[in-house]
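Values reported hereafter were calculated over all heavy atoms of this structure, with side chains retained and with hydrogens, waters and symmetry mates removed.
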Amino acid sequence: MASRSKQSPDPAADPAAAPHVRVAVIGSGFGGLGAGVRLRRAGITDFVILERAASVGGTWRDNSYPGCACDVPSHLYSFSFAPNPEWPRSFSGQPDIRAYLEKVTDTFGLRPHLRFGAEVTEARWEEGPARWRLTTAAGTWTADAVVSAAGPLADPQIPDIPGLADFPGTVFHSSRWDHDYDLAGKRVAVVGTGASAAQIIPAIQPKVGRLTVFQRTPAWVMPRRDREITGLEKWLHGALPPTGALRRGTLFALRELQVDAFVRRPGLLRLVQRIAERHIARGVKDPQLRARLTPDYRIGCKRILLSNTYYPALAAPNAEVVPGGLAEVRGSTLVGADGSEHEADAIVFGTGFHVTDMPIGRRVFGVGGRNLAEEWKGGMEALRGSTVHGFPNLFFVIGPNTGLGNSSMILMIESQLNYLVDALGALDSVGATAMQPTARAQRHWNLELQQRMSRTVWTTGGCTSWYLDEGGRNTVLWPGSTTAFRRATRRVDLGEYELIKRTAPVAEGVPA
């Protein structure tokens, strides 16, 4: 790239002279960085990665709360093209995963493509020149194609609790942890009992004065088989890379074998549920508390949590579990749904993210000025989780119905990146400028997908989860194996697409 590529454009510059790139990538987490690597490997170097923060990492940069770690084994939660023989634990923590992403950025030469402080405020399709115009906090770019890798775990969700605005203490979300606030000796309330809360609670319980946990519905928790990776293992994986590949392959295969129980025969999960029940019995001796922490739905319906310390922390003398969740805040008094009152100095929300209503949708405008959020008002959907009718050359990484309930999202990300690169190559081979899925292909894909979804534990398990949108549809998870998804995204079928050619001349912009 030209030396000017390291410069951000002037926001006040003539829009017609905005820098133009072949591809603009939104976000620099696993999806965005992976996109950069795949583009470079495909010979496409004319791209930028637009990042709203000041460093890479995505959700692994934002979530720095105490105890933050991955619930997927380290050797599977990494790129296939960038194995890491130095993982310190079988389930690595946030600092190690973030360091891994920084290393990927440097190893694969992505620094020159990164633009920090460039939050995308609008992405608008221009029909004549058949390109996207992206307005950001750092200026404007135009691009032939856009890769949305903003991710579903990017924007925190805090429930609308009456009186919360008048709480005199400290309030923050798990993904926006206030490291300047000392929890030692304080009366701390944690709202939520999902994956983040299950890590935060054991990490802070020993140091706080009083811990009050507001639990809307309990989660199933399984033992966490975590251990330190020995020096011999690290040496072996570094000196003999096939041993690391074998370890990854074994982890992959074990999780693929679990898929059938989640998506076709949920009854097979009964044995797993018995293990979880024994785990509660070992960790919680008080029968009343144990009953409060035992879910009334089938395991797997909600995300299964992994922890050896969660139950002991909740059973500690300074901890209390309030059933039904947080109903109201009256000054420094928190009122539970059961009517109980609790004093607090700080409130930590572990209440998840905007997943079924991704905020990026409000900023994207396609053909005819159609807004993506409006298009998805009745529920998110895309063709093969990657492209959306009416939004040409917009490619999603971790798009609708690409999430997983039991394995590594990196496997799904790499499949979508293969699909992206194949799509760009297909455009070049046929001499077209852009592509969008036909309405019929997109509808057919999603009707079939939702039909398969109807048999899954996420639909039949008897729970309400963050996988479901307001209409009760699961628009988040993939109802199949990662192998099946890889097959589905191996090649772009041009029969599912409308091809678009440029109909207006493009003014020359400056290099990006």
Side-chain angles (χ1 to χ4, degrees), residues 30-31 34-35 37-38 41-42 70-84 90 149 151-152 241-269 272 300 303-304 381-387 395-423 425-426 437 441-442 444-460 467 474-493 496:
F30 267 99
V37 174
R38 287 294 285 115
R41 286 187 153 192
C70 190
D71 57 7
V72 174
S74 305
H75 291 87
L76 191 59
Y77 199 78
S78 48
F79 291 119
S80 63
F81 52 79
N84 179 20
S90 48
T243 63
L246 177 62
R247 184 175 194 154
R248 178 186 176 91
T250 302
L251 292 168
F252 167 76
L254 289 173
R255 275 152 183 76
E256 290 293 272
L257 290 172
Q258 299 168 1
V259 171
D260 195 56
F262 283 88
V263 304
R264 280 183 290 274
R265 292 184 281 181
L268 295 175
L269 292 167
V272 179
R303 184 173 176 180
I304 300 172
E381 67 171 40
L383 174 61
R384 303 180 188 273
S386 301
T387 53
F395 299 91
F396 278 90
V397 178
I398 316 184
N401 288 112
T402 60
L404 295 176
N406 75 309
S407 193
S408 172
M409 278 306 302
I410 313 306
L411 303 171
M412 302 295 278
I413 288 172
E414 290 196 34
S415 292
Q416 290 199 279
L417 297 179
N418 291 339
Y419 193 74
L420 160 69
V421 168
D422 193 61
Q442 182 173 310
H444 176 75
W445 171 264
N446 284 278
L447 285 172
E448 186 178 288
L449 185 150
Q450 290 300 328
Q451 185 177 11
R452 296 204 308 272
M453 190 70 74
S454 65
R455 303 194 301 262
T456 68
V457 69
W458 311 308
T459 302
T460 64
Y467 303 144
N474 189 328
T475 57
V476 174
L477 296 182
W478 165 247
S481 66
T482 60
T483 302
F485 187 75
R486 176 147 295 195
R487 284 197 302 268
T489 52
R490 191 179 301 278
R491 293 282 184 271
V492 169
D493 178 1
E496 295 182 325

### Query
Under 30°, 30 to 60°, or over 60°: which ring-plane class applies to Trp445 and Trp478, parallel, tilted or perpendicular?
parallel
### Task
Can you see which heavy atom on Ser408 is nearest to which on Val72, and at what distance?
CB-CG1, 3.7 Å
### Tyr419 ring center near Phe395 ring center (under 6.0 Å)
no
### Message
Using the side chain to side chain donor-acceptor pair (under 3.5 Å) criterion, which residues pair with Asn446? Sequence neighbours excluded.
### Response
none
#### Entry: CG on Leu449 to CZ on Arg384, rounded to 0.5 Å
11.0 Å
### Message
Just to verify, what does Asn84 make a side chain to side chain donor-acceptor pair (under 3.5 Å) with, not counting sequence neighbours?
### Response
none
### Query
Would Thr402 and Phe485 satisfy side-chain contact (heavy atoms from CB on, under 4.5 Å), going step by step from the backbone distance to the final call?
CA-CA 8 Å; Thr402 60; Phe485 187 75; 3.9 Å; yes
### Query
Is there a donor-acceptor contact under 3.5 Å linking the side chains of Ser415 and Arg486?
yes
### Query
Can you name the nearest heavy-atom pair linking Ala149 to Gly31, along with the distance?
CB-C, 3.7 Å
### Message
For a 4.5 angstrom cut-off between non-hydrogen side-chain atoms, does Glu496 reach Pro437?
### Response
no
### Task
Flag the pair Phe81 / Val37 as yes when at least one side-chain heavy-atom distance between them is below 4.5 Å, and no otherwise.
yes
#### Entry: Close side-chain approach of Met409 to Ile398, heavy-atom, < 4.5 Å
yes
### Query
Taking atom CG of Leu404 and atom OG of Ser481, what is their separation to the nearest 0.5 Å?
9.5 Å
## Note on the structure
Here the gap from Thr456 atom OG1 to Gln450 atom CD, rounded to the nearest 0.5 Å, amounts to 9.0 Å
### Task
Show the numbers, then the answer: is there a salt bridge (Lys or Arg N to Asp or Glu O under 4.0 Å) between Arg490 and Asp422?
CA-CA 8 Å; Arg490 191 179 301 278; Asp422 193 61; over 6 Å; no
### Query
Is Arg248 close to Ser80 at the side-chain level, that is, under 4.5 Å between some pair of heavy atoms?
yes
### Query
Rounded to the nearest 0.5 Å, what separation is found between the OG1 atom of Thr489 and the CG atom of Leu420?
11.0 Å
### Query
Any side-chain heavy-atom pair from Pro152 and Val476 closer than 4.5 angstrom?
no
### Message
Are Leu417 and Val397 packed together at the side-chain level, in the sense that at least one heavy-atom pair is separated by less than 4.5 angstrom?
### Response
yes
### Task
For Asn401 and Met453, work out which heavy atoms get closest and say how close.
ND2-CE, 3.5 Å
### Message
For Arg303 versus Asp71, what's the shortest heavy-atom pair and its separation?
### Response
NH2-OD2, 2.6 Å
### Message
With rounding to the nearest 0.5 angstrom, report the OG to CG distance, Ser454 to Asn474.
### Response
11.0 Å
### Query
Is the closest side-chain donor-acceptor distance between Arg38 and Asn418 under 3.5 Å?
yes
### Query
How far apart are the closest heavy atoms of Trp458 and Gly300, and which atoms are they?
CD1-O, 3.1 Å
### Query
With distance as the sole test, does Gln416 use its side chain to make a donor-acceptor pair with the main-chain N or O of Gly385 at under 3.5 Å?
yes
Table please: side-chain donor-acceptor pairs of residues 250-267 below 3.5 Å, with sequence neighbours left out.
{"from": "Thr250", "atom 1": "OG1", "to": "Leu246", "atom 2": "O", "distance (Å)": "2.9"}
{"from": "Glu256", "atom 1": "OE1", "to": "Thr482", "atom 2": "OG1", "distance (Å)": "3.3"}
{"from": "Glu256", "atom 1": "OE1", "to": "Thr483", "atom 2": "N", "distance (Å)": "3.1"}
{"from": "Glu256", "atom 1": "OE1", "to": "Thr483", "atom 2": "OG1", "distance (Å)": "2.7"}
{"from": "Glu256", "atom 1": "OE2", "to": "Thr482", "atom 2": "N", "distance (Å)": "3.3"}
{"from": "Glu256", "atom 1": "OE2", "to": "Thr482", "atom 2": "OG1", "distance (Å)": "2.8"}
{"from": "Gln258", "atom 1": "OE1", "to": "Asn406", "atom 2": "ND2", "distance (Å)": "3.4"}
{"from": "Asp260", "atom 1": "OD1", "to": "Arg264", "atom 2": "NE", "distance (Å)": "2.6"}
{"from": "Asp260", "atom 1": "OD1", "to": "Arg264", "atom 2": "NH2", "distance (Å)": "3.2"}
{"from": "Asp260", "atom 1": "OD2", "to": "Arg265", "atom 2": "NE", "distance (Å)": "2.6"}
{"from": "Asp260", "atom 1": "OD2", "to": "Arg265", "atom 2": "NH2", "distance (Å)": "2.6"}

